[in-house]
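Since the structure is predicted, the reported quantities are computational estimates derived from the model, not experimental observations.
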Amino acid sequence: MDWKLWEPLIEFARKRSLWIVSFCTGCGGIEMPPLMTSRYDLERFGMMPNPAPRMADLFLITGYVTPKTLKRIIITYEMQPDPKYVIAHGSCTINGGIYWDAYNAIKRLDAYIPVDVYIAGCMPRPESVMEGINKMMEMIENGTADSWKRYKENYEWYKKNQDELFGEGWREKEARRWIPWIMDDLKRAEKEREKND
Amino acid sequence: MTDYEALVAKILEKAPYAEGEVRRERRIEFRISPDRIRDFLKLLKDNGFELLLQITAVDWPDRGEIELIYQVFSITHRTHTFVRTAIPRDNSVVPTVMDIYPVAETYERDAHEFFQVVFEGNPKLEMPWILEEEDKEAGLSYRKDFDMLGYVKRKYKILDRFDEDKGTYVI
Ligand code: SF4
């Protein structure tokens, strides 16, 4: 069967069921509650905050990104299944915003992960966020939201930028730092359980 | 209503080594020398100043000093208090006040990391805190003689976007 025929229907379904990673980075996280609740009610577009990146389509980067969060953002982004879309809020993600001379905020987000829609402003009002989401839906419908393809095609370049900032092998280093801590926790939970039995 | 003048006078009577004044309603201020800081904060704590809100540092390169400001809050007297003390820049050592206000541990680590002030007696000063390793290696500091902008440019490779000759930066 030719799946091409079904493409418009699939795109329509994708556009109307964007699930968001609820990972609020930066100040913009505070704009999420009004968007989600009754005043601006995002759910009428089929958007929903969602418990795990494995089920998400849309990654909202809400504001400044520090190197520490950027590591988590990259890992979360790579955990999402294709197709995945990114909306970046605020001037901080475009050029550093008011943190242009801060040692701890990255200046250009799209050097590290691809971005579909930028929303300018500090902080963008919910209306402009809605506008951005509308734009995103349009782009999904006419097939121009292709950041996930760009990420695959230009992975070398993105990886080079990431490694320049964090040093090579940062993924392994991060994991090594946290795995013992998680294992300790597991062991402790096991002991508790034995005691309770 | 608290009489702030009377409150300051009462404290100063017990601590003749300090200077104090009322800035305005609900704001009072003391200046002391760094070697008496422990005595003074102990005295404050015994007199109903229950909370240490913050320890901040200000760098004054022209005076050759780092000014430490202990912000203490009193619920009893309904007032915010600044205790100011200045230590020399090149030998910034001051005794810890951790045992008086336990929360000081955190703020002392903060001031140590960003202003290299050494708080004698705080065992956790060298533990990892906010800065990441590469920042520490680069000697990052909020002291005024650290070239922060240069460091930012090097770290994020954004050299081309700034124009040094102009009065304003082009971003
Ligand atoms: S653009 Fe403004 S509101 Fe948004 S993260 Fe930056 S400083 Fe905060």
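- Enclosure of atom CD in E78(A) by more than 12 non-hydrogen atoms of other residues, nucleotides or ligands within 6.0 angstrom is indicated.
- Shown here is K15(A), whose NZ atom has more than 12 heavy atoms of other residues, nucleotides or ligands within 6.0 Å.
- Counting non-hydrogen atoms of other residues, nucleotides and ligands closer than 6.0 Å to CZ of R54(A) gives a total of 12 or fewer.
- Here the CG atom belonging to N161(A) is positioned 13.0 Å from the OH atom belonging to Y156(B), to the nearest 0.5 angstrom.
- The hydrophobic cluster containing F115(B) also contains Y151(B), counting ILVMFWY residues as joined when their side-chain heavy atoms lie under 4.5 angstrom apart, directly or transitively.
- There is no contact between F146(B) and chain A, counting heavy-atom distances below 4.5 Å.
- For R39(A), the CZ atom is loosely surrounded, since the number of other residues' heavy atoms within 6.0 Å does not exceed 12.
- Remark: T66(A) OG1 to I130(B) CD1 distance equals 11.5 Å, nearest 0.5 Å.
- Heavy-atom contacts from other residues, nucleotides or ligands closer than 6.0 Å to NZ of K136(B) number more than 12.
- Looking at A105(A), only its backbone comes within 4.5 Å of chain B, counting heavy atoms on both sides.
- The pair K71(A)-E132(B) meets the salt-bridge criterion, since a charged nitrogen lies less than 4.0 angstrom from a carboxylate oxygen.
- The shortest non-hydrogen separation linking V152(B) to D101(A) is CG2-O, 3.5 Å.
- What you find for Y103(A) and K155(B) is that their closest heavy atoms are O-NZ, 3.4 Å.
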